[in-house]
**Student:** 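Below: one structure in structure tokens.
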Amino acid sequence: TQGGTATLTAGTNVIVSNVNVLAGDLKIEATGGAITRAGAGVNLIGERGYCTSATGIGISATPIRSTLTDFQANVTGVGPIALQETNGINLTDWNILGNSVQTTNGLIQVEVQTGNLTITNPVVAGGVGTLNLTATTGAIVNNSGANNPTVLVGDQATLTAQTGVGSGVSVDPTAIGTNIGTLIATVGGAGDVVIFEQSALNLGAISLNNGTLDINANDVIEQIAGNP
């Protein structure tokens with residue numbers, strides 16, 4: 001389209017190759033199956049994107065590739081959400097109020113190749129779901145306005161960024177509010193890891209190049225690996 005809204009609904013699977021709405025919105029629904037990609041190019045191009053499916057949106061090895069500003073997604077059954085964004089992206093509930101990205105039982109993987117990965121509304125990996133969030137050249141940013149309620153929920157979170165995971169100090173609204181079991185975090189450049197955890201927290205491998213680790217938890221913080 002030339003900037004309008006493109007809506008695609010299928011009763012089984014949806015395979016996306018190149019859907020371009022310029023400055024418009026994308027809404028894709030696979031009510032009885034999965035949303036997967038065809039080809040190595042960018043699959044979704046637009047201002048805002050919304051995807052929902054029964055059994056998955058992309059997979060870890062072949063994520064949906066996008067150039068979007070805002071993104072919301074939901075998997076209602078067992079299955080992952082895997083997105084690779086070319087520029088900075090905002091995970092937000094722009095289409096349906098509530099969580100921004102949610103699985104019922106599955107992995108959530110979001111990689112931003114350039115710019116920041118911004119979280120405005122909660123990202124929830126249900127069941128024994130794992131969160132893998134990466135900002136290759138930028139930061140992982142809490143834009144919700146608070147560290148409680150949380151913006152990340154899951155069994156384990158692996159957070160990788162170049163210039164920081166959260167900011168300020170752990171009691172600030174710019175800290176990453178979490179309700180997770182285990183944290184693994186890497187900051188490749190100058191930047192901090194700033195976490196406000198709602199319960200107990202296991203610390204996996206934490207790697208900082210030039211920054212501070214600041215974690216505030218409402219229960220025990222236990223080191224399990226990688227942190228002498």
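Numbers for residues simply follow the sequence, beginning at 1.
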**Student:** Over all heavy atoms of both residues, which pair between S144 and A146 is shortest? Give the atoms and the distance, please.
**Tutor:**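 Of all heavy-atom pairs spanning S144 and A146, the closest is OG-O, 2.8 Å.
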
**Student:** Quick check: are there more than 12 heavy atoms from other residues, nucleotides or ligands sitting under 6.0 Å from CD1 of I15?
**Tutor:**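 No.
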
**Student:** Between E29 and V14, which heavy-atom pair has the shortest distance, and what is it?
**Tutor:**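 So the two residues come closest at O-CG2, 3.8 Å.
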
**Student:** Got a sec, which pairs hit side-chain hydrogen bond (donor to acceptor under 3.5 Å, both in side chains) with one end in residues 182-196, sequence neighbours left out?
**Tutor:**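 Listed once each, the pairs would be none.
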
**Student:** Go through it in stages, so that I can follow the logic: the residues are T136 and Q113, the test is side chain to side chain donor-acceptor pair (under 3.5 Å), and I'd like the CA-CA distance, side-chain angles, deciding distance and then a yes or no.
**Tutor:** CA-CA 5 Å; T136 302; Q113 295 179 311; over 6 Å; no

**Student:** Taking all non-hydrogen atoms of both residues into account, name the closest pair between A161 and G138 and its distance.
**Tutor:**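 Looking at all heavy atoms of both residues, the shortest contact is CB-O, 3.5 Å.
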
**Student:** Do you know which two heavy atoms are closest between G58 and P80, and how far apart they sit?
**Tutor:**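 Looking at all heavy atoms of both residues, the shortest contact is O-CG, 3.5 Å.
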
**Student:** Could you measure the distance from the CD1 atom of I180 to the CG atom of L159? Nearest 0.5 Å is fine.
**Tutor:** 6.5 Å

**Student:** Consider only side-chain heavy atoms of I, L, V, M, F, W and Y, link residues closer than 4.5 Å, and tell whether F196 and V194 are in one cluster.
**Tutor:**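 Each belongs to a different hydrophobic cluster.
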
**Student:** Name the one of I195, I176, I108 that satisfies side-chain contact (heavy atoms from CB on, under 4.5 Å) with L152?
**Tutor:**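 When I195, I176, I108 are each tested with L152, the side-chain contact (heavy atoms from CB on, under 4.5 Å) holds only for I176.
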
**Student:** What are the two closest non-hydrogen atoms of I59 and A82, and how far apart are they?
**Tutor:** O-CB, 3.3 Å

**Student:** Supply the members, apart from I45, of the Ile/Leu/Val/Met/Phe/Trp/Tyr cluster built from side-chain contacts under 4.5 Å; use none for a lone residue.
**Tutor:** V42

**Student:** Heavy atoms only: give me the nearest S199-N179 pair and the separation to one decimal.
**Tutor:** OG-OD1, 3.6 Å

**Student:** Drop me the distance from N121's CG to T92's OG1, to the nearest 0.5 angstrom.
**Tutor:** 4.5 Å

**Student:** Go through the steps for I184 and Q156 under the test side-chain contact (heavy atoms from CB on, under 4.5 Å), then give the verdict.
**Tutor:** CA-CA 8 Å; I184 299 169; Q156 175 177 297; 3.6 Å; yes

**Student:** Taking side-chain contact (heavy atoms from CB on, under 4.5 Å) as the criterion, tell me which of V19, I35, V21 meets it with L44.
**Tutor:** V19

**Student:** So does L68 get a backbone contact from the side chain of E85, meaning a donor-acceptor N/O pair under 3.5 Å?
**Tutor:**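 Yes, the answer is positive, given that a donor and an acceptor are paired below the 3.5 Å cut-off.
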
